[in-house]
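Each ligand, and each atom within it, is numbered from 1 in the order the structure gives.
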Amino acid sequence: MGIGQNIGTRVVRTARVLPFGDGVPVVPPLVQSVAFDHDTFADQDRVFAGERAGFVYGRYGTPTTGALEAALAELEGTATATCFTSGMAAINAFLATCDGPIVAQEDCYGATRAVLERRGSVTFVDPTDHGAVDAALTASQARVLYVEIISNPLLRVVDVSSLAEIAHAHSARLAIDASLATPALFAPVSLGADVVIHSLTKYINGHGDVMGGAVCGSRDLGNEMRERTILDGAYLPPHDAWLVIRGMRTLGLRMTRHCASALVVAGHLAEHPKVARVHYPGLAGHPQRDLACSQFDGRFGGMVSFALGADEVGAAGRFLDALELAASASTLGDLFTEVMHPATASHRRLAPAERARLGITEGFVRISVGIEDPADIVADLDHALSAV
Ligand code: PLP
């Protein structure tokens, strides 16, 4: 009997090779393996050295997460994409490679702003004020301009082509968090952006069952991001990547529905007597409506924010408690409608005076419009507004 023929050994070593034959699976296989065996020590050494394509260990890349990375790079038109365990892990990995000062959007996602404040050496600007962006880059000599394509939660839209031009004139890279627009609405790199960041937790997965993040960009950036997954360890595990791939396949359909329903919801809220102001890039009067229309091919995203006429936490709380269909949930971009109170959730860490200055007031509410029947979403909002 040769080595390994004993039953105790055979059961341990069984099913190590998938029996595909000539058939290619239409869904990428979930490869849960942490480590990868090579024919020779020399082969493995070459993979570790990056001289040969392949896999060695979970933090260095895995086939299933690799399939997601290849798909994201293809969708974004970038040389590489690297996946992390959350959007914040991706943002932190990117920021860890940015030396020197940064110019960043003042009304970015609360945790991003907190990370930038903790990092220091940052100038916050209104990215729709191009003169202010130019002046901040000149004064700080920053080499990174960091913005959100549709800001969370004020839903300002940034002009990617113009910001890319301004950033590049200062030898700075333009990094865009495109989580709220997704590749379904536009490709930032085609407009001049250098780095695209996603919270995969949001629309790209879209089912509320997995967290993830990605940094998409050049080959050099990809190498730096791979160093982060290897050394910091926040690499997206294969099963999570597999779920994101499954969710992402319906992104186009979902975004079409999210955008159409959000337009209905925004229009309805704009007429409601208990609503003081509505933020939605598709509404007449939104300062970047024309820009959004051209940049996103006639669509405006699935997020709507509004301020209650009663500008107090208590009123927002009564509104959230009265919702029957929508979830009161601190996330966005899922199939289901989700409503959130930024002042006590996403932007809780922001100094109250700064929140007020930006317009994230106590009665300010954010809606991620889901793919339910829009008439039901509107009825639920009306019902909850009647409780305010
Ligand atoms: N970027 C934006 C625009 C977000 O809204 C969020 C979360 O809400 C993040 C990044 C962080 O993503 P994650 O929750 O996956 O860490």
message: Would you say the rings of His286 and Tyr280 are close, in the sense that their centroids are separated by under 6.0 Å?
response: no
statement: Lining ligand 1 at under 4.0 Å, by non-hydrogen atom distance, are residues Ser86, Gly87, Met88, Ile91, Tyr109, Glu148, Asn152, Asp177, Ser179, Leu180, Ser199, Thr201, Lys202, Met211, Gly212, Leu332
- prompt: Sequence neighbours excluded, which residues qualify as salt bridge (charged side-chain N to carboxylate O under 4.0 Å, His left out) partners of Asp99?
  reply: none
query: How about Met303 and Lys202: do any of their side-chain heavy atoms sit closer than 4.5 Å?
result: no
message: Can you list, by chain and residue number, the hydrophobic cluster partners of Val34 when the side-chain cut-off is 4.5 Å?
response: Val47, Phe48, Val56, Tyr57, Tyr60, Ile230, Leu231
- request: First locate atom CG of Leu155, then atom CD of Glu148, and finally report the distance between them rounded to the nearest 0.5 Å.
  value: 10.0 Å
query: What pairs of residues pass the ring pair (Phe, Tyr, Trp, His ring centres under 6.0 Å) test when at least one of them lies in residues 313-341, not counting sequence neighbours?
result: Phe306-Phe319
